[in-house]
**Student:** 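Quick one: the structure is below, and I'll ask about it shortly.
All figures in this text were calculated on a predicted structure; none of them were measured in a lab.
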2 protein chains.
Amino acid sequence: MSDTRADPVRTPRITVKDLARQLGMSVSTVSRAFYDDAVIAPETREKVLRHAAEIGYQPNPLARGLITKSSRIVGLVVSDITNPFYPEVMTRLTERLQAADFNVMLVVVSPARSEEEQVRVLLSYHPDVVVMLATTLSSAAATACRKVGTPVVFFNRSGSDEHSYAVTCDNERGGRLIADYLIDRGHRRIGFVAGRPDASTNVDRWRGFHARCLERDIPEPIASEGTTFSYEAGYAAARRLLAGPDRPTALFCANDILAIGAMDAARREAGLAVPEDVSIMGFDDIGMASWPSHALTTVRQPIDLMIDRTTVLALALARNEPCEPGVQRLPGRLVERNTTRSLP
Amino acid sequence: MSDTRADPVRTPRITVKDLARQLGMSVSTVSRAFYDDAVIAPETREKVLRHAAEIGYQPNPLARGLITKSSRIVGLVVSDITNPFYPEVMTRLTERLQAADFNVMLVVVSPARSEEEQVRVLLSYHPDVVVMLATTLSSAAATACRKVGTPVVFFNRSGSDEHSYAVTCDNERGGRLIADYLIDRGHRRIGFVAGRPDASTNVDRWRGFHARCLERDIPEPIASEGTTFSYEAGYAAARRLLAGPDRPTALFCANDILAIGAMDAARREAGLAVPEDVSIMGFDDIGMASWPSHALTTVRQPIDLMIDRTTVLALALARNEPCEPGVQRLPGRLVERNTTRSLP
DNA sequence: CTGAAAGCGCTTACAG
DNA sequence: CTGAAAGCGCTTACAG
């Protein structure tokens with residue numbers, strides 16, 4: 001603290017008082033000009049706004065927030081950034097929120113410190129709402145939010161408790177889609193490359209896939225032991241899955257990044273051609289999936305719609321409008337590329 | 001505004017006053033407990049701190065900032081998020097800043113609106129410092145910051161004006177490293193796959209590379225017309241460069257993501273084997289570069305060091321400590337993998 | 001060492 | 001329609 005004022009070169013900020021003085025008005029009047037629904041003469045408002053624009057004044061949202069109890073901050077909590085799916089979501093969501101005149105405060109949950117502790121400092125800024133971008137986050141963070149009455153919406157994570165908000169892809173349905181696709185093409189021995197075992201995306205995709213396999217009288221699919229959603233994990237799991245003599249003819253990977261690792265393992269470790277010797281499917285449809293070298297058959301998450309829903313929900317909650325809790329499950333669609341084929 | 005209080009379910013926040021009342025002290029005393037260098041009896045401080053922890057009180061940094069003129073917010077401005085290099089930097093930087101008790105306010109500059117406008121709303125929160133993660137950002141944003149006296153540090157971008165702060169890889173030296181490496185291995189006809197022409201990374205890498213080629217009496221390298229740093233751009237550029245009859249024996253790509261696109265083009269469009277028919281090099285050493293399917297020879301940016309320097313610099317500036325302006329150019333190192341070979 | 005008071009930059013009843 | 005005053009949650013000289 002002591003050094004905060006060590007070198008007072010900071011330009012002193014323009015305040016309402018300055019404006020009021022320069023315009024010969026009271027601060028109240030000046031303040032009112034910035035609120036559409038305030039009672040103020042149109043010419044007065046215009047005068048204020050014009051002058052403000054000229055000298056580059058804008059009300060300090062921090063001071064404003066003290067009174068209105070609204071910070072216009074939305075907290076964005078992320079953790080698993082290795083999945084290329086997230087940076088894209090993060091930036092697009094941020095753009096949308098910014099366009100609605102909210103600012104995003106980012107917290108990256110590092111395993112080094114407790115989730116709750118890290119969210120606590122975010123909470124001290126009184127965000128109007130926080131959105132969790134996280135398959136991976138436990139509910140500790142959400143609980144901390146709820147304790148201070150801050151609404152939270154989960155992106156890409158279901159299974160949070162009853163009265164919270166979530167928007168996800170319909171992962172279970174996606175899993176079924178994949179089972180049908182593979183089975184329709186004659187596959188019987190199918191392997192599953194798992195991601196994080198406790199992630200709802202992993203659980204739901206597997207559940208749908210597994211259920212559909214049983215419904216269609218396919219032998220129990222063999223699942224790898226899940227660890228993380230990473231290239232390396234996909235590589236390692238596929239190597240094991242494809243090592244035995246009775247290897248699967250197809251692999252469903254819990255997400256694209258796993259699938260890309262799995263493809264490399266199939267080619268380099270097991271010496272198999274994709275899709276000639278083994279079919280491989282992912283989930284998400286990240287940008288890389290469509291690169292010619294991967295050309296991955298996968299299920300595309302309805303990302304535009306998901307972001308849209310999340311934005312609308314977050315904005316409504318930030319404004320304290322009543323919203324119906326629950327998880328919105330949006331349907332994905334299967335996109336066929338070159339990593340799968342029909343068995344003769 | 002009107003709807004802000006529509007549904008007053010928000011838990012009322014605990015304030016200093018509550019603490020003071022509950023402890024039978026004045027607010028001044030309570031406040032002092034949170035400052036290490038304030039004069040206050042040790043037992044009093046402990047009593048306050050203990051009680052605060054119990055009931056989950058922490059001072060509101062917004063109100064605090066009004067007085068101290070320090071928001072403990074650092075602005076993080078990003079734009080080109082398609083390059084996987086950035087998400088990594090972004091999250092690691094954020095973690096470091098959080099660990100130092102600063103919070104990150106993220107602004108994603110979208111091409112839809114003006115840079116200055118988008119930074120303006122960040123500035124209204126009075127960040128103590130802003131760091132620009134951007135090869136791509138113009139100086140408009142930086143100018144806006146300077147106008148209100150907010151210090152800015154550029155990450156991965158040099159060539160900002162004289163009295164600003166920047167930390168980058170020594171890109172020019174990296175370009176020379178690559179020229180030497182290729183020339184030492186017998187390459188004479190070398191192509192350059194350019195990224196964004198106005199990005200300092202692109203310019204500096206090319207400059208060093210080009211200069212070194214001339215110094216060593218290699219024929220003028222042929223450069224593609226740069227557009228963006230993307231897989232697609234690398235793909236398109238390499239296809240053109242490798243199409244002619246007198247094609248280059250090696251390609252230096254301005255970054256890894258371009259290089260990966262270039263490799264795919266070489267293989268699929270030109271029918272060339274890498275490195276047998278053409279050697280390919282990138283720059284950055286993003287995670288993907290080391291995947292077995294790419295195994296890209298590249299120059300690794302000293303990312304740990306860069307992040308460290310940026311953190312230290314940003315923190316110092318946030319505290320208004322005097323810092324020496326200028327750009328810190330940190331040496332990268334060449335990492336050899338499987339996309340290059342010696343010419344016989 | 002502690003407390004009463006002023007003030008940070010705003011907004012918002014309350015009078016006029 | 002406008003202004004004077006109170007107050008949001010804090011910090012910090014200033015007395016004591």
Side-chain angles (χ1 to χ4, degrees), chain A residues 1-5 8 10-48 52 55-72 123-126 128 148, chain B residues 1-5 8 10-48 52 55-72 123-126 128 148:
Chain A
M1 276 295 105
S2 49
D3 42 24
T4 296
R5 39 218 331 264
R10 284 305 210 298
T11 317
R13 289 286 292 178
I14 310 169
T15 75
V16 246
K17 280 188 195 160
D18 300 317
L19 264 211
R21 187 167 18 79
Q22 292 164 16
L23 289 164
M25 303 175 184
S26 72
V27 296
S28 330
T29 303
V30 172
S31 172
R32 280 191 270 258
F34 292 92
Y35 288 86
D36 284 347
D37 50 0
V39 303
I40 180 176
E43 321 86 76
T44 311
R45 161 174 291 136
E46 209 203 320
K47 228 179 283 179
V48 173
I55 66 175
Y57 168 79
Q58 45 186 347
N60 181 336
L62 272 34
R64 183 181 265 191
L66 227 39
I67 303 206
T68 63
K69 305 299 180 203
S70 156
S71 59
R72 300 201 78 84
L123 256 17
S124 75
Y125 284 86
H126 298 256
D128 293 336
V148 299
Chain B
M1 278 296 102
S2 50
D3 42 23
T4 296
R5 42 221 327 266
R10 286 300 212 297
T11 317
R13 289 286 292 179
I14 311 168
T15 74
V16 245
K17 281 188 195 160
D18 299 317
L19 264 211
R21 186 167 19 79
Q22 291 165 15
L23 290 164
M25 305 176 183
S26 71
V27 295
S28 333
T29 302
V30 172
S31 172
R32 280 190 269 258
F34 292 92
Y35 289 86
D36 285 345
D37 50 1
V39 304
I40 180 176
E43 321 84 80
T44 312
R45 160 173 292 136
E46 207 203 321
K47 228 179 282 180
V48 174
I55 67 177
Y57 168 80
Q58 46 186 344
N60 181 336
L62 273 34
R64 181 181 267 190
L66 229 39
I67 303 205
T68 62
K69 305 300 182 202
S70 157
S71 59
R72 299 203 77 84
L123 255 19
S124 75
Y125 284 86
H126 298 255
D128 292 337
V148 299

**Student:** Is the phosphate of D:dT11, meaning OP1 or OP2, less than 4.0 Å from a side-chain N or O of B:Lys69?
**Tutor:** no
**Student:** Can you tell which of D:dT2, C:dC10, C:dC8 lies closest to the side chain of A:Pro59?
**Tutor:** C:dC10
**Student:** In whole Å, I'd like the distance from the CG atom of A:Leu19 to the C1' atom of D:dG3.
**Tutor:** 16 Å
**Student:** To the nearest Å, how far apart are A:Phe34 CZ and C:dG9 P?
**Tutor:** 15 Å
**Student:** Strictly below 4.0 Å, heavy-atom distances to any atom of DNA chain D: list the hits from residues 26-33 of chain A, or just say none.
**Tutor:** A:Ser26, A:Ser28, A:Thr29, A:Arg32
**Student:** Round to a whole Å and report the spacing from CG of A:Asp18 to C1' of C:dC8.
**Tutor:** 13 Å
**Student:** Would you mind reading off the distance between B:Leu62 atom CG and C:dG7 atom C1', rounded to a whole angstrom?
**Tutor:** 17 Å
**Student:** B:Glu46: what forms a side-chain contact (heavy atoms from CB on, under 4.5 Å) with it, not counting sequence neighbours?
**Tutor:** B:Arg50
**Student:** Of the nucleotides C:dT2, D:dG9, D:dT2, which has the atom closest to the B:Thr15 side chain?
**Tutor:** D:dG9
**Student:** In whole angstrom, what separates A:Ile14's CD1 from C:dC8's P?
**Tutor:** 16 Å
**Student:** For Watson-Crick and G-U wobble pairs within 3.5 Å on both distances, what is DNA chain C written in dot-bracket notation, | included for inter-strand pairing?
**Tutor:** |||.||||||||.|||
**Student:** Whole Å only: how far is the CZ atom of A:Arg64 from the P atom of C:dT12?
**Tutor:** 9 Å
**Student:** Please state how far atom CZ in B:Arg13 lies from atom C1' in D:dC8, giving the value in whole angstrom units.
**Tutor:** 14 Å
**Student:** Run the salt bridge (charged side-chain N to carboxylate O under 4.0 Å, His left out) test against B:Arg13 and tell me which residues pass, sequence neighbours left out.
**Tutor:** none
**Student:** For A:Ile40 and C:dT12, give me the distance from atom CD1 to atom C1', rounded to whole Å.
**Tutor:** 14 Å
**Student:** So does B:Lys17 get a side-chain nitrogen or oxygen closer than 4.0 Å to the phosphate oxygens (OP1/OP2) of D:dC8?
**Tutor:** yes
**Student:** Going by side-chain hydrogen bond (donor to acceptor under 3.5 Å, both in side chains), name the residues that satisfy it together with B:Gln58, two or more places apart in sequence or in a different chain.
**Tutor:** none
**Student:** By nearest atom, which of the nucleotides C:dC10, D:dC8, C:dC8 is closest to the B:Ile67 side chain?
**Tutor:** C:dC8
**Student:** Check whether any side-chain nitrogen or oxygen of B:Tyr57 sits under 4.0 Å from OP1 or OP2 of D:dC10, and answer yes or no.
**Tutor:** yes
**Student:** Tell me the salt bridge (Lys or Arg N to Asp or Glu O under 4.0 Å) pairs involving residues 26-36 of chain B, sequence neighbours left out?
**Tutor:** none
**Student:** Just to verify, what does B:Val16 make a side-chain contact (heavy atoms from CB on, under 4.5 Å) with, not counting sequence neighbours?
**Tutor:** B:Val27, B:Val30, B:Tyr57
